[in-house]
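Each remark here refers to the structure printed beneath this line.
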Amino acid sequence: MLKCSDQSQIEQGEQMEILGVDIGGSGIKGALVDTGAGEFSSERLRIATPQPSTPAAVAAVVGQISAHFGWNAPIGCTFPAVVKNGVTMTAANVDDAWIGADAAGLLSEATGNRTLVLNDADAAGIAEMRFGAGRGRRDLVIILTLGTGVGSSLFIDGRLLPNSEFGHLQIRGKDAEWRTSERARIEKGYSWKQWGKRISEHLAYLEFLLSPDLFIIGGGVSKRYKKFFRHIDCETEIVPAQLRNRAGIIGAAVAAAALR
Ligand code: BGC
């Protein structure tokens with residue numbers, strides 16, 4: 001097992017192994033991550049998200065994942081909500097009981113390991129900026145993850161501005177997520193062209209607000225980017241994410257490496 005205790009070694013890209021966990025509305029996934037290389041160093045374990053996805057039930061699954069890997073060190077864990085100082089402030093696609101919950105405390109207790117909790121799109125953004133499509137970019141980068149919800153992360157000079165929540169901008173009087181998520185595409189039966197048009201409106205609004213230099217489009221659907229990118233009309237450079245559904249786990253592990 002790779003270990004190190006010196007933060008300067010992390011910054012120099014030394015290898016360190018950390019357990020990353022990604023909590024989603026349908027699955028909770030965990031893998032060991034080589035945080036120097038930005039790669040999984042174990043197989044990925046996926047357990048269905050308990051329904052209802054209450055804090056106690058979800059924490060028990062994260063405890064099970066930690067035990068599966070025999071883990072005894074810090075953990076990085078994503079959550080699909082605004083997370084401030086380990087407290088989950090919202091709950092868009094998970095049980096409402098998470099609002100105001102001490103997620104970091106609950107997960108640390110369930111795993112017996114210090115657990116850092118951060119927004120899922122912020123974690124994915126950290127991974128893309130360090131190892132993927134945003135590598136080396138110092139200008140204003142916005143990552144949007146199109147999945148059950150729409151997550152966002154915002155970077156300037158390589159630094160994250162956490163909890164941006166651009167998926168909930170109001171567009172045509174509706175929550176943008178209900179038009180541009182992968183779930184909306186499937187449930188509403190949008191063609192790639194119709195979906196591309198809705199994504200274009202979402203990006204245009206972000207261009208108006210922030211004048212970004214780069215959009216990175218992530219989420220599982222980003223591997224099919226050729227199907228919908230040609231229907232997206234935007235002024236800003238736009239690229240697909242590279243780490244796809246590994247990004248959350250990798251970014252969470254990278255963020256937690258600092259705790260070691
Ligand atoms: C939540 C975000 C989350 C995104 C992706 C949205 O509904 O508000 O916090 O990042 O879904 O899971």
Side-chain angles (χ1 to χ4, degrees), residues 20-30 46 48-53 55 58 61-62 76-101 103-104 107 116-129 132 134 141-155 160-171 174-188 195 198-199 202-203 205-206 209 215-223 240-241 243-252 254-255:
V21 176
D22 190 11
I23 298 178
S26 57
I28 302 176
K29 291 123 334 196
R46 181 186 190 278
T49 305
Q51 301 300 338
S53 51
V58 168
V61 172
V62 177
C77 186
T78 78
F79 199 82
V82 170
V83 186
K84 279 190 90 94
N85 302 319
V87 175
T88 40
M89 312 296 290
T90 60
N93 294 301
V94 282
D95 197 272
D96 279 353
W98 281 100
I99 299 172
L107 299 182
L116 176 88
V117 184
L118 73 167
N119 173 266
D120 54 1
D122 284 346
I126 289 170
E128 286 297 332
M129 293 300 287
V141 182
I142 295 178
I143 291 120
L144 288 182
T145 59
L146 311 180
T148 308
V150 174
S152 63
S153 58
L154 176 65
F155 289 81
L160 171 70
L161 241 102
N163 295 310
S164 51
E165 293 292 331
F166 296 143
H168 297 297
L169 289 173
Q170 296 290 300
I171 297 181
K174 294 210 172 76
D175 191 317
E177 180 169 291
W178 288 102
R179 310 178 79 239
T180 51
S181 60
E182 164 72 341
R183 179 192 190 165
R185 182 185 73 80
I186 294 168
E187 288 185 3
K188 297 186 180 169
W195 195 48
R198 283 159 178 79
I199 295 172
H202 198 163
L203 299 182
Y205 197 9
L206 288 167
L209 291 173
F215 284 122
I216 300 176
I217 306 297
V221 73
S222 62
K223 65 174 176 288
L243 302 173
R244 297 184 185 141
N245 58 7
R246 285 172 297 133
I249 291 177
I250 293 174
V254 166

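Just so it is clear, the model here is predicted, and its values are computed rather than measured. Sequence positions, counted from 1, serve as the residue numbers for this chain. Indexing begins at 1, ligand by ligand and atom by atom, following the structure's order.
Of the options T88, V87, T90, a side chain to side chain contact (heavy atoms under 4.5 Å, CB included) to W98 is made by T88 and by none of the others.
Both the backbone and the side chain of P80 come within contact range of ligand 1, each with a heavy atom under 4.0 Å. Looking at N163 against ligand 1, nothing comes within 4.0 Å, counting heavy atoms. With a 4.0 Å heavy-atom cut-off, ligand 1 is reached by the side chain of N93 but not by its N, CA, C or O.
Of the possible donor and acceptor atoms, one in the side chain of H202 sits under 3.5 Å from a partner among the backbone N and O of F166.
The shortest heavy-atom distance from V150 to ligand 1 is under 4.0 Å.
Here is the list of ligand 1 atoms found below 4.0 Å of a heavy atom in H168: 1 (C), 6 (C), 7 (O), 8 (O). Atoms of ligand 1 lying under 4.0 Å from at least one heavy atom of G151, given by number and element, are 4 (C), 5 (C), 10 (O). For ligand 1, the atoms closer than 4.0 angstrom to any heavy atom of A81 are 9 (O). For ligand 1, the atoms sitting less than 4.0 Å from at least one non-hydrogen atom of N119 are 2 (C), 3 (C), 9 (O), 10 (O), numbered in the order shown with element in parentheses. Every atom of ligand 1 is numbered from 1 in the order shown, and the set under 4.0 Å from a heavy atom of A92 is 1 (C), 7 (O), 8 (O).
Here the closest non-hydrogen pair linking E177 and V150 is OE1-N, 3.0 Å.
Ligand 1 has an N or O atom lying under 3.5 Å from an N or O atom of D120, backbone or side chain.
Evaluation of the side-chain hydrogen bond (donor to acceptor under 3.5 Å, both in side chains) rule for N163 yields no partner, not counting sequence neighbours. Residues forming a side-chain hydrogen bond (donor to acceptor under 3.5 Å, both in side chains) with S164 (at least two apart in sequence, or on another chain): S152.
A distance of 10.5 Å separates CD of E182 from CD of E187, quoted to the nearest 0.5 Å. Considering CZ of F215 and CG of L203, their distance stands at 4.5 Å, rounded to 0.5 Å. N245 CG to T145 OG1: the interatomic distance, rounded to the nearest 0.5 Å, is 12.0 Å.
Of all protein heavy atoms, the one lying nearest to atom 7 (O) of ligand 1 is E177 OE1, 2.6 Å. E165 OE2, 3.3 Å is the protein heavy atom nearest to atom 2 (C) of ligand 1.
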